[in-house]
Amino acid sequence: MNTVATVTAILILAAVAEALIEHLVKPIVDTVTETPRLDAVLDWRALSLRYTAAALSVLLCFMYRADLLAILDLVPPWPWVGYLITGLLVGRGSNFVHDFATRWLTSD
């Protein structure tokens, strides 16, 4: 890969990592850290829908061998990593595409 392609790939991986952390981990961490009470209630309905969508999307990407990162020539030593990351992105859905476009493709 040339330098521009390498930098682009690194930026895309950074955006993917940030988006997945914001989508899957942040709701739980926010609930634990923002409420000092032990009886703090998680929004189990929203979390269960979020993780069910992620699990189903990962399953579908494994079944169909869908790998978005392979398009960028980012092929890990284990093919399942690409399927997993693609599945998590698909599980995030159009919100991810909107967030990505808003953050990276628009000028301020």
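What you are looking at is a predicted structure, and each value in this text was computed from that prediction instead of being measured.
Between the side chain of Ser57 and the main chain of Leu88, no donor-acceptor pair closer than 3.5 Å is present.
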Residue pair Thr86, Val58: steps toward the side chain to side chain contact (heavy atoms under 4.5 Å, CB included) verdict: CA-CA 7 Å; Thr86 301; Val58 167; over 6 Å; no
Derivation of the side chain to side chain contact (heavy atoms under 4.5 Å, CB included) call for Leu24 and Tyr51: CA-CA 8 Å; Leu24 297 175; Tyr51 284 95; 3.6 Å; yes
Chi angles and distances behind the side chain to side chain contact (heavy atoms under 4.5 Å, CB included) call for Ile21, Lys26: CA-CA 6 Å; Ile21 294 297; Lys26 187 178 182 289; 5.7 Å; no
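With rounding to the nearest 0.5 angstrom, the CD1 atom of Ile85 is 9.0 Å from the CG atom of Leu74. Taking OH of Tyr64 as the start and CG of Leu59 as the end, the distance is 9.5 Å to the nearest 0.5 Å.
No path of Ile, Leu, Val, Met, Phe, Trp and Tyr side chains, each step under 4.5 Å between heavy atoms, connects Val75 with Phe62, placing them in separate hydrophobic clusters. Cluster annotation: Leu84 is not connected to Leu60 through the hydrophobic network of ILVMFWY side chains, with a link wherever side-chain heavy atoms come within less than 4.5 Å. Using a 4.5 Å cut-off between side-chain heavy atoms of Ile, Leu, Val, Met, Phe, Trp and Tyr, with links allowed through other members, Leu89 and Trp80 fall into the same hydrophobic cluster. There is a path of hydrophobic side-chain contacts, each under 4.5 Å, that joins Leu69 to Ile71.
Of all non-hydrogen atoms in Pro76 and Val81, the two that sit nearest each other are CG-CB, 3.7 Å. The two residues Glu22 and Arg50 come nearest to each other via the heavy atoms O-NH1, 4.4 Å. The minimum heavy-atom distance between Val90 and Cys61, with the atom names listed, is CG2-SG, 4.1 Å.
For the pair Leu49/Thr52, no side-chain contact is recorded, criterion being any heavy-atom separation below 4.5 Å from C-beta on.
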